[in-house]
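Contents: one structure, followed by commentary.
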Amino acid sequence: TNSVVGTICFWRMARWTPKFTFDWPAVKENMSMMLSLTGGNLIAYFVQDADKFIIGRWLGEKSLGFYTMATRFCLYPPTTIAPIVTRVLYPAYSRLQDDDENLRRVLSRASGGIAFLTLPIMVGLIVLASPFVNAVLSSKWAESIVLFALLAPVGMVQSVSSSVNGVMLAKNKATWMFSLAAFRGVATVVALLIGIRWGLLGVAVAYLLVSF
């Protein structure tokens, strides 16, 4: 409803009448990038919950609850702060797509800025995992303390590395993004299936190792 109302209001203000046109040559020109982006996003969509599916299937609801609570805090920066910075900087990446030196400089500064915001939070979760869980979540979540310490570094890695996708897209390397997503997806699922043999701790360690 919000999208429909906003579109109608913008249409009325702009006094512009849209017309249906279809430019097949333009579609063909961008088909490879569109398919790569769609495929990469689909893989990422399923892989991001693979750990929860595996835990719920083999370790049960209680273990899934502890794990989900830990990931909710530890993976908050890479799923919120980092994507915002990437979206804001994407136009800058695009303008510099043929200037590798300046593009490298902007990427370095973006990664440094994200690290400046997220790393202190993640280090705090590692060092203060026990008092944080007991004070904020209560003692009934005590089994998730070790998960906080193991998954916070995952948040660090994912936060800092998130800017790379914007650069690959600006450089028209969507096929690289798809290949990377496919490799990451297979590696993650295999690692989790191996780690599940050692229970919840094994899954967390596997996720940590495969993230690095």
| message | The test is side-chain contact (heavy atoms from CB on, under 4.5 Å); show your working for Thr175 and Ser32 and say whether it passes. | response | CA-CA 8 Å; Thr175 53; Ser32 176; 3.8 Å; yes

What is the minimum heavy-atom distance between [X] and [Y], and which atoms define it?
X	Y	result
Val157	Ser211	CG1-O, 3.6 Å
Ala50	Val189	CB-CG2, 4.2 Å
Ala174	Met33	CB-CG, 3.5 Å
Ala152	Ile126	CB-CG1, 3.5 Å
Ser159	Thr118	CB-OG1, 3.7 Å
Pro83	Pro78	CD-O, 3.2 Å

With a 4.5 Å heavy-atom cut-off, do [X] and [Y] have their side chains touching?
X	Y	answer
Val123	Met156	yes
Tyr93	Leu169	no
Pro77	Leu117	no
Gln48	Leu75	no
Arg57	Ile196	no
Leu192	Val210	no
Ile114	Ser163	yes
Leu119	Val160	yes

Just wondering, are more than 12 heavy atoms of other shown residues or ligands nearer than 6.0 Å to CE in Met31?
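Yes.
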
What distance do [X] atom [atom1] and [Y] atom [atom2] have between them, rounded to the nearest 0.5 Å?
X	Y	atom1	atom2	result
Leu180	Ser36	CG	OG	12.5 Å
Met34	Lys28	CE	NZ	12.0 Å
Leu35	Phe178	CG	CZ	9.5 Å
Ser94	Lys171	OG	NZ	11.0 Å
Lys140	Met69	NZ	CE	8.0 Å
Gln158	Phe212	CD	CZ	10.5 Å

Same cluster or not: are [X] and [Y] linked, directly or through other Ile, Leu, Val, Met, Phe, Trp or Tyr residues, by side-chain heavy atoms under 4.5 angstrom apart?
X	Y	answer
Trp58	Ile55	yes
Val154	Val146	yes
Phe183	Val186	no
Val190	Val205	no
Leu147	Leu64	yes

Please check this pair: side chain of Ser111 against backbone of Ser108, looking for a donor-acceptor N/O pair closer than 3.5 Å.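 Judged by distance alone, no pair lies under 3.5 Å.
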
field: Sidechain-backbone polar pair: Thr71 side chain, Thr68 backbone, donor-acceptor under 3.5 Å
entry: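 Indeed, once roles are kept as given, a pair shorter than 3.5 Å links the two residues.
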
| Yes or no on side-chain contact (heavy atoms from CB on, under 4.5 Å) for Phe22 and Val27, after CA distance, side-chain angles and deciding distance? | CA-CA 8 Å; Phe22 190 81; Val27 173; 4.0 Å; yes

request  = Give me the one residue out of Phe132, Tyr67, Trp141 that meets ring pair (Phe, Tyr, Trp, His ring centres under 6.0 Å) with Phe73.
outcome  =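 So, applying the ring pair (Phe, Tyr, Trp, His ring centres under 6.0 Å) to Phe73 and each of Phe132, Tyr67, Trp141, only Phe132 qualifies.
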
Stepwise side-chain contact (heavy atoms from CB on, under 4.5 Å) check, Phe148 with Leu137:
CA-CA 12 Å; Phe148 273 78; Leu137 302 178; 4.0 Å; yes

